[in-house]
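Please read all numbers here as calculations on a predicted model, not as lab measurements. Throughout, protein chains are lettered first and strands after them, A, B, ... in sequence-line order, and every chain is numbered starting at 1.
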Number of protein chains: 2
Amino acid sequence: MVATIKDVAKMADVSISTVSRVINDSKPVSPEARRRVLHAIEVLDYRPNEVARSLVTKKSNLIGVIVDDIGSMYVSYVLRGVEEIGRMYNYDIILLSSYGDPELELKFAKLLFQKQVEGAIIISSTLNQKLMYRLEESRIPYANINRFYDIEEDLTVRINYEEVSFNMVEYLIEQGHKKIASLAIRKDIDRTEEKYKVDGYESAMKEHSLKSSNIYTLGIDEKSFLDISDEIDSAIKNGVTAFFCSQDEIALHLMNYLVDRGMKIPDDISVTGFGGTAMTNIYRPKLTTVRIPYYDIGAVAIRRILKKIEDKDNFSEERILLPVEILKRDSVKKID
Amino acid sequence: MVATIKDVAKMADVSISTVSRVINDSKPVSPEARRRVLHAIEVLDYRPNEVARSLVTKKSNLIGVIVDDIGSMYVSYVLRGVEEIGRMYNYDIILLSSYGDPELELKFAKLLFQKQVEGAIIISSTLNQKLMYRLEESRIPYANINRFYDIEEDLTVRINYEEVSFNMVEYLIEQGHKKIASLAIRKDIDRTEEKYKVDGYESAMKEHSLKSSNIYTLGIDEKSFLDISDEIDSAIKNGVTAFFCSQDEIALHLMNYLVDRGMKIPDDISVTGFGGTAMTNIYRPKLTTVRIPYYDIGAVAIRRILKKIEDKDNFSEERILLPVEILKRDSVKKID
DNA sequence: CTGTTAGCGCGTTCAG
DNA sequence: CTGAACGCGCTAACAG
């Protein structure tokens, strides 16, 4: 049988309140009683039942994390930050993966509520308004970490996409490139961060009196990329020497597309990405890209949630801007 | 205020027992009473508090998952299976990432016990005996999914490494390769699956009267690989035309090493991997490798845990053998 | 400093 | 079929 607080009390010959006091250090206890309690705890190998504890304190020390796919690098990197910081504050993660099913996400909201989680974090590529609504309705503080969408009114952590995009394009220009095409995702572009990246690209081109040329894909998968192969071909025919891609995946698809057609990266075409996951460093040539601090994004998000849990009332809604870094590697060639 | 069972009872003008009966469908309730209860639940938007429920039923419907790094592809793929199957049976995952710290893992065991999880799954590359001991001591059924270690006495899911390795090497031989080197991880090899892969390699070589040549690294990271670069060089000097690698990562490091030195894959050297994660299909050339069914490994593991939870007593300890597949891609060249 | 008591929200006897 | 009463394991007043 597993020992309960009663067993400890009996063995230490004190009341359960005293036991509770020593384990929580909540009120003064005589050295003698404390000693006996500690001893009994040791002997019985007693560990407080967190469920019972939660019931009375109304603190579950649980954060629900809804992701669209654990298998995605992006998600797992963010998760690292969430998990590790959560642990520092004694919070555990209950992980739910929806695979993009919005109905399932709604069920998750209900589930989280029933499990009495104290907060929630959504890591996703799509936007589920109903889910957010449900969470609010249930008064569960949440943060939305989205790979694409830019949600003004929400608890979000951001990076300055426009500036870093500007810098990246300027770097390409410094390397002698003049015909640079941008490759981004069109879907819902007005509500996504893609917009900022494209804006950064265009500012840089304009600043250097260069003509910009935008190509858009519908999604991030290889199929979407293949749909625009004609545009890629004609861009190259028109003398484009470098592609500024808004996502690492797109850059990778592009490089594969070109390599599979006998071109050389970066000798024939230069390519830059955006993200900086491990793959970009393993691929050859190593991809020049923007390192997005996924870990920190997760870390900041959970910190804010925890803060919000502490003082529900006066919660300052500052948006945190995370620094980014350009990783100059081997997919860009200096030309004359 | 959040509605409790009491509120529902009051509104429906019945006792809490009746409410409990309708939500659990545990005992017959008159249609009239049921209707009223259902209506009250609807109006009050009542959702049973799972914490309270757990306290009395002693069922937390929680499975603890201890991983060494969520950021690892391997781990996240397994996690998919665990999560998805768990969900089917109404179990949720509480995720703990140890980053390989054994002490932390011990704390996790305690934590899981306190959270009253009903089972645990460990997804790791190392082996923590103490952790397993703790779990047993706490009577928490667990499964060990290990990337390397082969643990006979445990709940494990396996694949026939030896056979598939044999087939892979035979495939290389069919492609005309005669001097084939094996590249595996030496650390604890007698207790890891690497042994089976190497055995498969050697059987195949022997079967075709070819001389085998084994190279070992100490770990899976790039640094460990670089430590054996001399051996790689001399293997090639000795005419090796193909490398049978025991892990995708090693194959990737190898290809990068060779490419960075001006060699061409597969024109100059053929390479095969083991794993089959996404990266191997994005890299160029696409890696010929073994597809390990990570998802299924996770799925099977949690199924067994759940089964064990159901009938603690008579639990048949059959080991499940999962099928594997060789993905023939572009990193192997047919030679004469 | 300490023990008694009253719940937390719910499932479950056990009489009716 | 139904309700009263008890208890799961623990914390938090409240007296003393």
Side-chain angles (χ1 to χ4, degrees), chain A residues 1-38 40-41 44-62 90 110-118 138, chain B residues 1-38 40-41 44-62 90 110-118 138:
Chain A
M1 245 343 266
V2 181
T4 74
I5 196 171
K6 263 188 202 162
D7 303 320
V8 175
K10 199 173 296 173
M11 176 172 231
D13 199 31
V14 294
S15 74
I16 59 169
S17 334
T18 302
V19 178
S20 175
R21 277 162 199 146
V22 353
I23 61 188
N24 294 313
D25 226 1
S26 49
K27 293 223 172 164
V29 172
S30 73
E32 169 57 14
R34 155 165 282 119
R35 206 192 49 68
R36 290 213 309 276
V37 169
L38 257 18
I41 288 178
L44 298 173
D45 192 27
Y46 166 74
R47 280 80 150 271
N49 179 328
E50 284 296 334
V51 173
R53 222 176 214 179
S54 296
L55 183 59
V56 29
T57 60
K58 287 166 177 352
K59 283 198 89 308
S60 65
N61 279 63
L62 243 34
N90 260 307
K110 180 173 178 181
L111 192 69
L112 290 181
F113 175 79
Q114 299 198 182
K115 292 267 183 193
Q116 313 293 113
V117 302
E118 298 181 41
S138 304
Chain B
M1 246 343 266
V2 182
T4 74
I5 197 172
K6 263 188 203 162
D7 303 320
V8 176
K10 200 173 294 173
M11 177 174 227
D13 199 32
V14 293
S15 73
I16 61 167
S17 330
T18 303
V19 177
S20 174
R21 277 159 199 150
V22 353
I23 61 188
N24 294 314
D25 228 1
S26 48
K27 293 222 172 166
V29 172
S30 73
E32 170 57 12
R34 156 165 281 119
R35 207 192 50 69
R36 291 212 308 276
V37 169
L38 256 19
I41 287 177
L44 297 173
D45 192 27
Y46 166 74
R47 280 80 150 270
N49 180 326
E50 285 296 335
V51 173
R53 223 177 213 178
S54 296
L55 183 59
V56 29
T57 61
K58 285 160 179 353
K59 283 197 88 311
S60 65
N61 279 62
L62 243 34
N90 261 307
K110 178 172 179 182
L111 192 69
L112 290 181
F113 176 79
Q114 299 198 180
K115 292 267 183 196
Q116 312 292 114
V117 302
E118 299 180 40
S138 303

Taking only side-chain nitrogens and oxygens of [X], does any of them come within less than 4.0 Å of OP1 or OP2 of [N]?
X: A:Lys6; N: D:dC8; result: yes
X: B:Asn24; N: C:dG11; result: yes
X: B:Ser20; N: C:dG11; result: yes
X: A:Lys58; N: C:dG9; result: yes
X: A:Arg53; N: D:dT11; result: yes
X: A:Thr18; N: C:dT2; result: no

Selected nucleotide, minimal atom distance to [X] side chain, candidates [options]:
X: A:Thr4; options: D:dC10, C:dG9, D:dG3; result: D:dC10
X: A:Arg21; options: D:dG3, D:dC14, D:dC10; result: D:dC14
X: A:Asn49; options: C:dG9, D:dC10, D:dA4; result: D:dC10
X: B:Val56; options: D:dA4, D:dC10, C:dC10; result: C:dC10
X: B:Tyr46; options: C:dC10, C:dT2, D:dT11; result: C:dC10
X: B:Ile23; options: C:dG11, D:dG3, D:dT11; result: C:dG11

4.5 Å side-chain heavy-atom contact, A:Arg34 and A:Asp25: yes

Non-hydrogen side-chain atoms of A:Ile16 and A:Lys6 separated by less than 4.5 Å: yes

Donor-acceptor pair under 3.5 Å, B:Ser30 side chain vs D:dT2 base: no

Side-chain donor/acceptor of A:Thr57 to base of D:dA12, under 3.5 Å: no

Sugar-phosphate, base or nothing in reach of B:Val51, heavy atoms under 4.0 Å: nothing

Touch class at under 4.0 angstrom, heavy-atom based, for A:Val29 against every strand present: sugar-phosphate

Atom NZ of A:Lys59 with >12 non-hydrogen neighbours under 6.0 angstrom: yes

B:Asn61 and B:Arg53: side chain donor to acceptor below 3.5 Å: no

Salt bridge present between B:Asp45 and A:Lys110 (N-O < 4.0 angstrom): no

